[in-house]
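Written out below as structure tokens is the structure these notes cover.
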Amino acid sequence: MKLSIASKVLLACLSVAATACSPSSPDATGVATATDTGEAAAPPARIVPLPASVETRPGELAIAKAVAVELPADAPMATRALEELLDTLALARDGAAPVRVRLALEDDAALGEEGYRLEVGEGVALVARTDIGLLHAVQSLRQLLPPTAQPEYRLPHLSIADAPAYPWRGLSLDVARSFMPVEYLEKHIDRMAMFKMNRLHLHLSDDQGWRMEIKRYPKLVEIGGASAVKGGRSGWYTQEQLEHLVAYAQARGITIVPEIDMPGHVQAMLASYNELACDDEDNLSTYDGLEVGFSVLCLSKPDVVYPFVRNVLEEVLAVFPSQQIHIGGDEIKDPLYGEFVGRAAAMVKEMGRTPIVWEEGSVADTSPDMLLQLWNDGYDIAPAVAEGHPLILSPCTYFYLDHGNYAGQPQTYDWCRKEGVPIARTYSFDPSKFETAVGVEAALWTELVHDDAAADNRLWPRLAAVSEVAWTPMAQRDYAGFVQRMGALRPHLDAQGIAYHPEPDLGWE
Ligand code: ACM
């Protein structure tokens, strides 16, 4: 499915102020947009991530007050999203309304697992093979419409056929250095869903904090949960809260992937259960600094460490149904490191799940289905690719969103890239260079991100660029088009209350 040049030009036209494509004035594309539905201009086709194919036709569909809705019986995610959209836009459901919105599941193999078609003509038709495909169609429809209730809506007649390039479109949130409240995570899940992202990786443990209730080891949250990076937020999630979040995310097409970082980045664990440290270790208090790489589980005490790891993982897996489970593995030097990663990964597999380890885990002897998460651009990942390990791509010069939106942004890191990670750079990443890539994942580390507003500022609008890198093949992407479409979506971000970075590239200064 290729986007034709004419469609690209038209999309650009539709992305700018609506009057540029007004029904009464022929637009720069030469495509007639005449309509008999009145004065108002067509809304912009401002879809991010860019769909595989968009064809617009002359004419508009006007919608006011109510629509007739046809829903399949077994598409709960899409149904929920459509109902929320209609409520937001104050559109009633009325079987006698002149415009019909039809959602249908069709067993058409060409649609793939997540693909969909969206047609606007006399009515609106959304077709997919799966509930998740239909959910994506609803998100596209949502972006074509304004974010708040209006007296009338106008949609250009169009046909969209769409499917993602990669199945893994993620974000990792470090809730360990600085805690993030459940309410923020819920809001964040809604925002990710709008951009068709589908993996929320929660970094639940690190030196500065432990965030998940483990019933067998209550001191993990009593001690580790009370700690945080200096200036950051402490706190922890009950298992009930996490189960709620898992269900909340699932209903929005997002899988929460838990990470327990081991065998390094464990000071909060050691401070909670001193026996996990080697007997000569005298640094057993909680930690609120910025160093990394100093704490390690005592791997020469396997009878203490491995039962602990197994018991913790059992509770983690009972709460998180994600097929993939992250066991960390970054930034630690220990003679028994490879053995640890091999044993912990094997445990996850025995429990019926698939382990993920940061890139360093590639040195361990593991089953080739273990995913590796690349985070240093220059790391030699080729041998692991040759072994067949699937890759989650998070190279820090593109995807570490704790780095500045611009060089020198206050309260941001620059250890990975002095110039920061501007949105244009994030957008320019080409995952296709990595043969076994399953997708991309941005990361927000929180040593310097201590509240919701700072998190919003670092995440948006860059996360929308991440969504397009993961969804749309490199050959179809172009930054100028993204800038226009994303620029036009600003009211949607405003309506969600996002305290985004006022990105000059998008005209948001
Ligand atoms: C990492 O940034 N240490 C994965």
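Whatever order the structure lists ligands and atoms in, that order sets their numbers, starting from 1.
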Exercise for review: For this output row, return yes or no: ring centroids of Tyr306 and Phe340 closer than 6.0 angstrom.
Suggested key: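 Centroid distance Tyr306-Phe340: below 6.0 Å, so yes.
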Point to revise | Aromatic contact, Trp358 with His265 (centres under 6.0 Å) | key: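 So the answer is no for these two rings.
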Go through ligand 1 atom by atom and flag the ones less than 4.0 Å from a non-hydrogen atom of [X].
{"X": "Trp358", "value": "4 (C)"}
{"X": "Glu331", "value": "3 (N)"}
{"X": "Tyr400", "value": "1 (C), 2 (O), 4 (C)"}
{"X": "Asp330", "value": "1 (C), 3 (N), 4 (C)"}

Review point. Got a donor-acceptor contact below 3.5 angstrom from the Thr130 side chain to the Glu113 backbone?
Key: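 Present.
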Exercise for review: Scan side-chain atoms only and decide if His501 and Gln409 contain a donor-acceptor pair under the 3.5 Å cut-off.
Suggested key: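 Distance-only check fails for His501 and Gln409.
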